[in-house]
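Naming: A, B, ... by sequence-line order, numbering from 1 per chain.
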Amino acid sequence: MVDEATLKALEEKVTELRRLVEQDGLALDDELALLERRLEELRREYFAKLSDWDRVKLARDPRRPTGIELVEQVFDDFYELRGDRLLRDDPALRGGLAKLSGKPLVVLFHQKGKTLEEQKRYRFGMAGPAGYRKAVRLMELAGRLRLPLVSLVDTPGAYPGVEAESHNIAGTIAQCLQTMLGLPVPTVAVIVGEGGSGGAVAIACADRVLMLEYAIYSVISPEGAAAILWKDQKAAPKAAEALGLSAPKLKDLGIIDEVLPEPLGGAHSDPQATAATVRTALERHLSELSSLPLDKLLSLRYKRYRHAGSYRELEGRP
Amino acid sequence: MPIWKDEKKSKREYVEVTPSRAEDLWLRCQSCGELVFRKKLAQNSYICPHCGAYFFLSAQERIASLVDEGSARDVTAPLVANDPLGFVDRKPYPERVKEAQRETGLLDAVAVVEAEIGGHPVVLAVMDFRFIGGSMGSVVGEQLCLAMERAIESRSPFVLVAASGGARVQEGVLSLLQMPKTVLVRRKLAEAGVPYIAVFTYPTTGGVLASIASLADITLAERGTRIGFAGPRVIEQTTKEKLPPDFQTEGFALAHGMVDQVVPREALRDELARILAILDGGRDGG
Ligand SMILES: [Zn+2]
């Protein structure tokens with residue numbers, strides 16, 4: 001059986017060899033071709049029987065394209081808007097104006113980092129109240145200017161901290177939900193990495209919710225569930241399985257609308273192809289939604305969220 | 001359920017009680033160790049007559065402590081949780097639900113009544129922390145929506161007494177979706193101009209605080225409550241921050257502008273009646 005470490009080691013070898021061939025012009029083409037074939041075999045084997053815990057690790061892989069990398073490849077003319085107009089700019093939740101097939105829109109996205117330094121700067125994609133206030137601000141802007149809203153979700157969750165609590169992180173997330181649900185424009189969310197609980201749903205309560213194939217969307221981190229329900233940190237892989245956090249599972253449950261296929265090896269093995277997939281899907285969903293009259297758009301949104309859930313009538317009760 | 005174990009730092013007025021069963025005539029106060037006669041406790045708003053500690057209230061006890069006697073009509077919809085994920089941790093989710101139902105006499109973590117408070121009709125939804133930590137899954141979300149729709153229909157104020165550890169893990173993302181769901185209907189309530197009063201009781205946290213609970217017109221916090229998005233342990237582990245001694249207390253929430261008033265339990269009914277009277281001023285002339 002192929003494990004993650006073997007795969008990663010080979011991926012690194014291939015990358016290094018490619019660099020040597022391309023940059024230093026070394027005549028290692030045969031070796032490279034051989035290793036690439038081997039890598040593809042390994043990837044096929046590994047991705048054919050992916051556990052949910054493997055998916056969690058893939059979704060969190062720092063090599064995955066981050067928010068800004070996707071935004072720059074998916075949209076044209078991204079123009080960043082900053083600040084919550086109260087205290088500061090939160091780098092973990094970004095947004096601005098952009099164009100897609102020539103049409104303007106507002107985009108919101110979580111930002112993670114690739115290097116440790118970047119990860120610290122973006123607080124691992126965990127936004128605080130300032131980030132979600134900025135999100136409310138940009139949502140309102142989209143509503144006023146009648147621009148569709150697209151969000152790219154990639155966060156372990158909202159930032160947990162004394163300052164976040166002092167500045168009412170919970171109330172700010174509630175305001176995001178309230179604002180986004182009332183927007184008189186089409187909204188599409190794409191979960192591109194981690195969709196971690198309240199910090200994710202705050203900008204994901206859209207008319208259409210799409211997910212990259214190896215992204216995850218969960219009410220709690222598997223580690224959190226393991227600690228609370230299993231009382232055992234080591235139960236995280238088991239918790240991941242139980243939580244139903246994979247894209248195919250969420251599609252089966254009717255929670256998301258579409259799974260966007262990733263290239264073999266995951267989004268990071270071909271970021272351009274991944275961005276192209278996201279772009280094509282966004283164009284399709286936005287054009288469908290834009291063709292609806294406003295009252296129809298809003299009534300579909302109302303139905304979607306009003307009927308979310310799974311319960312049954314109790315039989316034989318007076 | 002031990003709720004104070006990790007809270008030694010700050011003295012609280014709530015006390016830990018084993019889930020009280022209706023047949024227990026005497027309850028032991030975990031704060032002072034005295035045995036208290038249940039009937040006497042009920043007359044005293046479930047505040048220990050010996051030391052003043054707050055006993056943990058069930059939804060039924062809370063309702064009785066707030067509404068005009070004999071005015072409550074149970075309108076909780078007959079809904080029970082499904083098990084959409086086939087969730088099994090240390091025990092299967094359906095088993096947990098059944099146990100909680102037996103323990104609490106409720107179908108899920110919320111009870112809804114039509115009642116009067118100080119003569120003012122309200123739709124009152126009360127969450128019960130004993131039922132899987134007052135967690136919001138599909139049933140709680142639906143009950144809150146139905147309650148708000150009932151309030152719109154009858155044009156009576158909606159009162160939510162929140163007590164929740166957050167979203168119900170066992171229903172996965174479906175629980176998370178109860179956040180937008182309840183917020184959506186809260187928007188309808190606002191459009192209809194029907195008042196919404198929230199009362200934060202121990203504890204009001206996580207996904208419930210980050211959705212329906214935070215969006216009231218008027219927000220009261222019962223003394224002794226814990227109010228916060230993330231748990232103190234998560235914060236300490238993630239950020240290595242030292243937490244201030246009053247962190248996530250009702251005083252902290254008041255000081256940071258998250259609630260309108262902090263109210264001692266025995267004054268809660270009168271406080272609600274007073275607000276309802278002001279809002280209802282046009283109708284009954286005070
Ligand atoms: Zn006592």
Answer yes or no: is there a side-chain heavy-atom contact under 4.5 Å between A/His167 and B/Met258? no
Within residues 184-195 of chain A, the residues sitting under 4.5 Å from chain B by heavy atom, in sequence order, are none
Can you measure from CG (A/Asp232) to CZ (B/Arg90) and round to the nearest 0.5 angstrom? 10.0 Å
For A/Leu250, is it the side chain, the backbone, both or neither that has a heavy atom under 4.5 Å from a heavy atom of chain B? side chain
Looking at B/Met179 and A/Leu177, what are the two nearest heavy atoms and their distance? CB-CD1, 3.9 Å
Report yes or no: does B/Glu142 contribute a side-chain atom to a donor-acceptor pair with the main-chain N or O of A/Tyr311 at less than 3.5 Å? no
Note: vs chain A, highest number of non-hydrogen pairs under 4.5 angstrom among B/Ile212, B/Leu215, B/Thr182, B/Asp83 is B/Leu215
Spacing of CG belonging to B/Leu176 relative to CD1 belonging to A/Ile255, to within rounding of 0.5 Å: 9.0 Å
Which atoms of B/Lys188 come close to chain A, meaning under 4.5 Å heavy atom to heavy atom: side chain ones, backbone ones, both, or neither? side chain
Do B/Phe87 and A/Leu243 touch side chain to side chain, with heavy atoms closer than 4.5 Å? yes
Considering only heavy atoms, which portion of A/Phe124 lies under 4.5 Å from any heavy atom of chain B: side chain, backbone, both, or neither? neither
So for B/Val88, is it side chain, backbone, both, or neither that comes closer than 4.5 Å to the heavy atoms of chain A? backbone
Using a cut-off of under 4.5 Å on heavy-atom pairs, state which of A/Gly244, A/Gly309, A/Pro160 scores highest against chain B. A/Pro160
Taking A/Glu165 for the side chain and B/Phe229 for the main chain, is one N or O donor matched with an acceptor at less than 3.5 Å? yes
Please flag which part of A/Ser218 lies under 4.5 Å from any non-hydrogen atom of chain B: side chain, backbone, both or neither. backbone
Can you tell me which of B/Gln237, B/Arg168, B/Glu149, B/Arg186 forms the most heavy-atom pairs within a distance under 4.5 Å of chain A? B/Glu149
Please classify the contact between B/Gln170 and chain A as side chain, backbone, both or neither, with a heavy-atom cut-off of under 4.5 Å. side chain
Taking B/Ser138 for its side chain and A/Ser310 for its backbone only, find out whether a donor-acceptor pair lies under 3.5 Å. yes
May I ask you to name which of A/Ala239, A/Ala164, A/Ala174, A/Cys176 has the most heavy-atom pairs under 4.5 Å with chain B? A/Ala174
Looking only at heavy atoms and a cut-off of under 4.5 Å, which of B/Thr205, B/Val169, B/Asp108 has the most pairs with chain A? B/Val169
Residue part contacting chain A, namely of B/Ser211, when any heavy atom lies under 4.5 Å: both
Which one wins on heavy-atom pair count under 4.5 Å against chain A: B/Val234, B/Leu209, B/Val208? B/Leu209
Side-chain heavy-atom pair B/Val185, A/Arg306 within 4.5 angstrom cut-off: yes
Who wins among B/Val183, B/Leu174, B/Leu177, B/Val80 for the most heavy-atom pairs under 4.5 Å with chain A? B/Val80
Any sub-3.5 Å donor-acceptor pair from B/Arg187's side-chain atoms to A/Gln178's backbone N or O? yes
Can you tell me if B/Glu99 has over 12 outside heavy atoms packed within less than 6.0 Å of its CD? yes
Among residues 220-228 of chain A, residues within the sub-4.5 Å heavy-atom range of chain B, in order of number, are A/Ile220, A/Ala225
Please check if atom NZ in A/Lys57 has more than 12 non-hydrogen atoms from other residues, nucleotides or ligands closer than 6.0 Å. yes
Nearest-0.5 Å distance that lies between atom CD in B/Gln178 and atom OH in A/Tyr305: 12.0 Å
If I measure from the heavy atoms of chain A, does B/Leu79 come under 4.5 Å with its side chain, its backbone, both, or neither? both
Engaged part of B/Glu191 at the chain A interface, taking heavy atoms whose separation is under 4.5 Å: neither
As an exercise: rank B/Gly172, B/Gly257, B/Gly137, B/Pro180 by heavy-atom pairs under 4.5 Å with chain A and give me the winner. B/Pro180
Is there a side-chain contact between B/Leu85 and A/Lys249, using heavy atoms and a 4.5 Å cut-off? yes
Give, as side chain, backbone, both or neither, the part of A/Met180 having an atom under 4.5 angstrom from any heavy atom of chain B. neither
Determine the minimum heavy-atom distance between A/Ser166 and B/Phe252, stating which atoms define it. OG-CZ, 3.4 Å
Distance col, row B/Gln101:CD vs A/Leu314:CG, nearest 0.5 angstrom, shows 7.5 Å
To the closest 0.5 Å, what do you measure between CG (B/Leu184) and CZ (A/Arg304)? 12.0 Å
Output for pair (B/Asp89 CG, A/Lys231 NZ), nearest 0.5 Å, gives 9.0 Å
